[in-house]
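The structure follows.
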Number of protein chains: 2
Amino acid sequence: MAVYIVGHKSPDTDSVCSAIAYAELKKKLGEEAIPARQGELNPETAFVLEKFGFSVPELLTDGEGKKVILVDHSEVSQTLDNIDKAEIVEIVDHHKIGDITTPNPIFYLNMPVGSTATVVKKLYDEHGVEIPQNVAGILLASILSDTVILKSATTTDADVKTAEELAKIAGIGDIQELGMEMFKKKSDLEGKSPRDLLFRDFKDFNMSGNKVGIGQIEVVSLSLLDEFKEPLYEEMKKVKEEGGYHSIFLMLTDIIQEGTELLSVTDDPSVVKRAFDKELEGKSVWLPGVMSRKKQVVPFFEKAFA
Amino acid sequence: MAVYIVGHKSPDTDSVCSAIAYAELKKKLGEEAIPARQGELNPETAFVLEKFGFSVPELLTDGEGKKVILVDHSEVSQTLDNIDKAEIVEIVDHHKIGDITTPNPIFYLNMPVGSTATVVKKLYDEHGVEIPQNVAGILLASILSDTVILKSATTTDADVKTAEELAKIAGIGDIQELGMEMFKKKSDLEGKSPRDLLFRDFKDFNMSGNKVGIGQIEVVSLSLLDEFKEPLYEEMKKVKEEGGYHSIFLMLTDIIQEGTELLSVTDDPSVVKRAFDKELEGKSVWLPGVMSRKKQVVPFFEKAFA
């Protein structure tokens, strides 16, 4: 039975491209592997796949009866429906260790680096498999996407080194240029509904028993979001109600100014104060230097909720 | 702050020796690391440490305020007390993925191989660090212990290859001889109380909300256990009561005959039937070929309880 390789819900570039690249490695190792995605591609990911000549992977949202490798997540709330009826055979990730468990021993590699793509590149090297030029392209794009062009706090030496090696293989002379091209696509908000924007990159967490949703929109300038803020806030209130959330946070991240405006709809505004030692000013709070949900937001909320 | 490296409760040879060997690697990489154990050594482990010239690691049972690397387990029920007040910085293991989670991304490597020692050996190789002769000895002993001298169902090609490489480094000509020497120590039951024997290698599991304890005693001949069976069974009943268990199982494993007599004290004997398709005969059931708790017992009970 072929194994499906799939990233998290609300897929981002790293989640989709790491699945594709890891499936390519598995095929080269003689295993049947099918890359998949759990939802619509964001404009950045669509651009990256087209640029490097990959087709859009199969949509897979239900794990029942499937053999699966999970990439770029290890949280039940972010994975396939009916994951308890799937057979998880591997996990390759770079996040905090989530609540997915397995009945059998499996291969699980999680590294504290900037992107799952960095881990996938390491697995190519470990198996002594040469990385095809187009695969190097999407892996590089994944690193640039997840690390905000190697600038976010999650960026490690391994990411920088890996990005340089991949750029060489992919024949890309200017990493910065590719990164900016991608982030301009990501900043393209035209014609999108508030709900589309909110769920473009949105993750659920179980924090000490509380359902917490944290989304992120990265733009090259916050002013691009001026007209969207109010409708986004209204949408967050609706989603909070519908989904029975304790809190919904939306990171509006300015990748040039390097900071995040955190929009907050919550049953308990004091969690923001406890997490960041700053009071909400109206609907949001400005967090200078904060660009990474994983490293600079989630752990602080985990503590605040504990 | 130095990091403590520690295996599971009721420590076995792999749990203790992998902690020591990984601490040695960390030290060679310039990090401060202290190997630890969560309980008394069993006679086999004591023999191995003495044979290869290592002192008994520090006792550590409470994680509060400590920085820790967990080896050979990933289950909350098997780890340090107050693990939520510890900082887990790495996990290196070879079991099913357990319920330990972290607030931050960490290095987590789990491989479906016969022992954690096999994974630790791989980490030495990855870092290009030469394995000292005595460290090779305890790593080899760990593999032999966990794989019943490379015979159990969990044994992989990687374990066999690693054992051969380690034997060469350790200067051990006859792997089989070392293994039998170890298992004779393990089979030495003289002067032990039923409680000591039951807890020598005992693990707690949360199976679909039910507290299940599974112990194992490995001997070179089941007849060695004849006089212990009745007192062990009585002890299991006591422990079940005291600890609020749904079930307590004790694997009496004959490593020569290659099979296990499973002693069972349970609220629902049908789980044994569902797990192994064999009825209990009185207090136990004979399971031919079954030698591994991890691969041949735990997954089947997980399913039976699901």
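In what follows, every chain begins at residue 1, and chains take the letters A, B, ... in the order their sequences are listed. Predicted, not measured: the structure shown is a model, and the values here were computed from it.
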- [ ] Step through the shown structure and confirm whether more than 12 heavy atoms of other residues, nucleotides or ligands are within 6.0 Å of NZ on B/Lys303.
- [x] no
Task: Atom pair CD/CG of A/Glu302 and B/Asn104 - distance to nearest 0.5 Å - done: 9.0 Å
Open item on the list: Just checking A/Lys151: does its NZ atom have more than 12 heavy atoms from other residues, nucleotides or ligands closer to it than 6.0 angstrom?
Closed with: yes
Task: Side chain / backbone / both / neither for A/Ile88 at chain B, heavy atoms under 4.5 Å - done: neither
Task: A/Lys96 to B/Pro103 - nearest heavy-atom pair and separation - done: CD-O, 3.6 Å
TODO: Against chain A, work out which of B/Ala306, B/Pro112, B/Pro299 has the most heavy-atom pairs shorter than 4.5 Å and name it.
DONE: B/Pro112
Task: Greater than 12 external heavy atoms within 6.0 Å of A/Asp157's CG - done: no
Task: Region of A/Glu126 that comes under 4.5 Å of a non-hydrogen atom in chain B - done: side chain
Task: Point-to-point distance, once rounded to the nearest 0.5 Å, from CD1 of A/Ile100 to CD1 of B/Ile97 - done: 10.5 Å
Open item on the list: Tell me whether the count of non-hydrogen atoms from other residues, nucleotides or ligands lying under 6.0 Å of CD in B/Glu31 goes above 12.
Closed with: yes
Open item on the list: I need the single residue from B/Asn110, B/Leu109, B/Val113 that forms a side-chain contact (heavy atoms from CB on, under 4.5 Å) with A/Phe107. Which is it?
Closed with: B/Leu109
Open item on the list: Does B/Lys278, at its NZ atom, have more than 12 non-hydrogen atoms belonging to other residues, nucleotides or ligands within less than 6.0 Å?
Closed with: yes
Task: Within 6.0 Å of NZ in B/Lys28, more than 12 heavy atoms from elsewhere - done: no
